[in-house]
Each structure stands twice: as C-alpha cells, then as structure tokens.
Amino acid sequence: MAEYESCILRLRMAIDIYVKELLVIGDSDLLIHQVQGEWATKNVKILPYLHCIKELSRRFTRIEFKHVPQSQNEFVDALVTISSMIQHPDKTYIDPIEVKLHDRHVYCFHVVEEVDGRPWYYDIKRLIEAQEYPKNSMSK
C-alpha cells in the first residue's frame, strides 16, 4: 500500500504542476504490472489504490509505467531522493527535467567527506528552490 500511496502522491504533484506527459519508473513489480493491467489484483485492500491511480492517469495526455529491477534502480533512487527534498509550491511552474539515456555506464566516485559540511545535494536543492544559479557558477 505504501508503494501505491507514494505513486498517487507523485501523480497528484505532476497534475498540480500541469504535466501532460509522464513516464513513471518504479521497481515495484506488483504496482507496475497491476497498473498496466498485466497482473490481476487479488488483495481487496489494494483495489481502491489501483482505481485511484487509473483515475489520475486519465488526466495525462500520455502516461507510461515502466518497471526497472531493484538492482538497476540507482537512477530511480537518486530522483526519489531529490524529489523528496523539494516542497511542492502551489501554482508554480517547474521546468521539466530532461533525462537522456546513454548506452555507456557512468562511473562516479563517492564523496567520503563534504568539505563545507553540507550534503552532496545542497547545490541542486538550492538551484531548484531559488531558480537561479549560484553567484560563482558558470552558467550559459
């Protein structure tokens, strides 16, 4: 039920900011396949959640649900982390984030210790909240 509630919240947020086309990526086999109608829903407690997601889905011009195995969901985890830090402002337009998929792996080094004591996502969160680049950044 928590997976469904999370999905419903995110769909409502997308509707609130006037998103018309949406790709929903999740690692829950059950949720994705039930929403797509590929798997039956036997648990009667889940039916209201499933019905709600289908009703919300009708508000989009195009919506697609895609399953990503949990072992491959680092990207999904990163997006969830970032989205959970953002307070949804009412009636504020948020530019869409364009995500490009590449056929090569990207390797990153993990930061062991932050020099300034702020979390790694501080600058990203500040950029999204303020909708402007930091003073010392190189923007085009």
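Note that the numbering runs from 1 along the sequence shown for the chain. The analysis underlying the following values was restricted to heavy atoms, covering all of them including side chains, and did not include hydrogens, waters or symmetry mates.
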Open item on the list: I need the Ile46 CD1 to Tyr4 OH distance, nearest 0.5 Å.
Closed with: 6.0 Å

- [ ] Drop me the distance from Asp29's CG to Gln34's CD, to the nearest 0.5 angstrom.
- [x] 10.0 Å

Open item on the list: Restricting to non-hydrogen atoms, name the atom on Pro48 and the atom on Lys45 that form the minimum distance, rounded to 0.1 Å.
Closed with: CD-O, 3.4 Å

With hydrophobic residues grouped by side-chain heavy-atom distances under 4.5 Å, do [X] and [Y] end up in a single group?
| X | Y | result |
| --- | --- | --- |
| Leu50 | Val24 | yes |
| Ile8 | Met1 | yes |
| Ile32 | Leu30 | no |

Task: Side-chain donor/acceptor of Ser57 to backbone N/O of Ile53, under 3.5 Å - done: yes

Open item on the list: Consider side chain to side chain contact (heavy atoms under 4.5 Å, CB included). Of Ile25, Leu22, Val35, which one does Phe65 pass it with?
Closed with: Val35

Task: 4.5 Å side-chain heavy-atom contact, Glu5 and Cys52 - done: no

TODO: Output, in order, the C-alpha distance, side-chain angles, deciding distance and verdict of side chain to side chain contact (heavy atoms under 4.5 Å, CB included) for Ile63 and Leu11.
DONE: CA-CA 10 Å; Ile63 186 167; Leu11 290 177; 3.7 Å; yes

TODO: Using ring-ring contact (aromatic ring centres under 6.0 Å, His included) as the criterion, list what pairs up with His33, not counting sequence neighbours.
DONE: Trp39, His67

Task: Pair Glu64 + Lys66: basic N to acidic O under 4.0 Å - done: no

Open item on the list: Is it the case that the side chains of Glu3 and Tyr49 hold a donor-acceptor pair, with the cut-off being a distance below 3.5 Å and no angle test?
Closed with: no

Open item on the list: Surrounding CZ of Arg59 (heavy atoms of other residues, nucleotides or ligands, distance under 6.0 Å), is the total greater than 12?
Closed with: no

